Amino acid sequence: MKIEFIGGVRQVTGSCYYLEINSKRLLIECGMTHNNDDKLAINFDFSEIDFILLSHAHIDHSGLIPYLIKKGFKGKIHCTHATAELLMIMLKDSAYLQKKDAEWLTKKEQRAGRDVIIEPLYSIDDVSKVSNYLYPVSYNTIITLTEDIKTRFIDAGHILGSASIELWCREGNLEKKIVFSGDIGKKNNPLVKDPQNVDSADVVLIESTYGNRLHRNKQESIDELVDVINNTIKNNGNVLIPSFAIGRTQDLIFVLHKLSLQGRLIKHRIFIDSPLAKEATLIYSRHKECLDEEAIIFFENLKRHTLNITFTESPEESQKINEITSGAIIIAGSGMCEGGRIRHHFKHNIWRKQCSIVFVGFQATGTLGRRIIDGAKNLKILGEEIAVRSSVHTIGGFSAHADRDELLDWLKVIKNRGNPLKVCVVHGEEETSLKFCNFIKDGLKIDATVPKQHEVISF
Ligand SMILES: [Zn+2]
Ligand SMILES: [Zn+2]
């Protein structure tokens, strides 16, 4: 048995791990990187891959699936039912963005006198084929992939449908249990259930997005958000919140709605400026099996339009928000500000000192979001130099990821079963993963490593 770390090591995005078990070939995740330098460096034919196991729908875990199919993948893709639905809208959105980017780049080449046509990695047509390969599974059910490989998806509490993946593998007399954590959520997340624990494993791949940080207390984060919103609106400004369309946006509208009900926010209007977020919210409302009680009632009310939230779809509706100079809370993608409508809202608001930008999610190195957090005074947005004069806030308590201690607790449960355990730290920026690895080795006395890209571990 062996694992090769194709991507998503020493960086957060681009998750992809290759497993070879008894001559069967599996990929866990098939994600895109945030800087679009994706080639999926696998040195054999994609048609030889038997299975893809997908922990959740986020594009950094799933974004290359249509590309793989286009290049010959013929196997089965397993994920939860909710992930299967979210995946399709996520990939369609990705294909649409790639098409726009490719058209823009092609024009740029042609204007420079070069006859070059830039092709997207895949088209909407390619995406529509993905559903033929999807074999959704229910949580907590053992699925037989082959005589020698069984798998089970358990709730990871990160976004709707998210899972940790357990794999029982046999090769001759050798039996091993491999566990992939997926993205692990926080306990008491507003909508989805708490992450489930895994009770045993021989090899664990664990995420480490916040492996070197402790989140601030949730209540403090909510109080800070209330202060930022109320102060901004009092100063006649708008609040901009860049957010992933799937997961974070639904968490945020739930929290904002609750604050409105409690009368803690002064007069405001909430805009969710993302067609993708609207579709995702509908999918959330349909998958009651993944939601807690309070969330089910919330989505019923949202369906009946009894909440003070406007979902904007068309570009015209989106542009209309630009006319609003105060009192608006605008939630838009992309989460790390690398694309999407948030950039238009930045252009119209970020130069005004009355406005605020609130980051509630992780911003990877090299992204526009990170540059703003790091204090950039000027930014090039949509081809224009824009001054950053609005206030910038990072509120960590809304993260959809477990923090260091929660990740260590998750590992402790497995360790307590007493098996010799090998832990591979993945899905984190290099420095964070290395520090988290030391916490595992020193604190839990577990054999741990941070693999390099293309490193192979055999067992
Ligand atoms: Zn995720
Ligand atoms: Zn992730």
Side-chain angles (χ1 to χ4, degrees), residues 5-17 27-36 38 52-65 79-80 82-87 89-91 93-94 153-165 180-186 189-195 205-213 215 242-252 276-277 280 283-284 290 333-336 338 360-367 369-370 396 398-403 406-407 410 424-430 432-433 436:
F5 297 85
I6 309 283
V9 278
R10 298 178 183 238
Q11 64 170 345
V12 172
T13 55
S15 286
C16 186
Y17 314 103
L27 286 185
I28 297 181
E29 321 290 62
C30 194
M32 265 180 167
T33 56
H34 67 266
N35 45 8
N36 293 330
D38 300 293
I52 298 172
L53 306 180
L54 178 64
S55 72
H56 67 292
H58 276 152
I59 210 76
D60 58 314
H61 295 255
S62 67
L64 289 182
I65 287 175
C79 59
T80 64
T83 295
E85 274 197 64
L86 288 174
L87 178 68
I89 60 164
M90 195 91 208
L91 293 176
D93 183 66
S94 168
F153 287 59
I154 61 168
D155 202 331
H158 167 62
I159 61 165
L160 192 86
S162 66
S164 301
I165 302 171
F180 174 62
S181 72
D183 288 4
I184 303 180
K186 284 190 319 180
N189 241 343
L191 300 173
V192 293
K193 293 177 181 164
D194 283 355
L205 276 62
I206 187 166
E207 70 123 322
S208 58
T209 317
Y210 288 111
N212 191 28
R213 259 182 56 178
H215 291 319
S243 173
F244 283 119
I246 297 180
R248 195 70 40 81
T249 295
Q250 289 73 28
D251 287 352
L252 270 173
L276 181 62
I283 295 174
Y284 261 73
C290 305
S334 68
M336 297 191 198
E338 283 298 274
V360 291
F362 184 80
Q363 304 297 311
T365 305
T367 59
R370 176 61 79 87
F398 295 100
S399 171
H401 287 272
D403 68 10
E406 287 171 313
L407 291 171
W410 190 88
C424 303
V425 178
V426 300
H427 194 292
E429 298 210 327
E430 187 164 30
T432 309
S433 293
F436 182 56

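Note that the coordinates shown come from a computational prediction; the quantities given were computed from them, not determined experimentally. Heavy atoms only: backbone and side chains are in, while hydrogens, waters and symmetry mates are out. Remember, it's 1-based here, ligands and their atoms both numbered in the order they're listed.
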- line: Listed as residue and atom, the protein N/O/S atoms under 2.8 Å from the Zn ion (ligand 1) are H56 NE2, H58 ND1, H158 NE2, D183 OD2
- line: ring pair (Phe, Tyr, Trp, His ring centres under 6.0 Å) filter on F180, not counting sequence neighbours, yields Y17
- prompt: Residues two or more places apart in sequence or in another chain: which of them pass side chain to side chain contact (heavy atoms under 4.5 Å, CB included) with S433?
  reply: S208, V425, V450
message: Restricting to side chain to side chain contact (heavy atoms under 4.5 Å, CB included), what partner residues turn up for K186, sequence neighbours left out?
response: N189, H215, K218, E406
message: Ring centres under 6.0 Å, that's the criterion: do H401 and F362 meet it?
response: no
- line: Heavy atoms of L54 and F153 approach each other most closely as O-CE2, 3.4 Å
- request: Examine the side chains of D183 and H58 and answer whether a donor and an acceptor come within less than 3.5 Å of each other.
  value: no
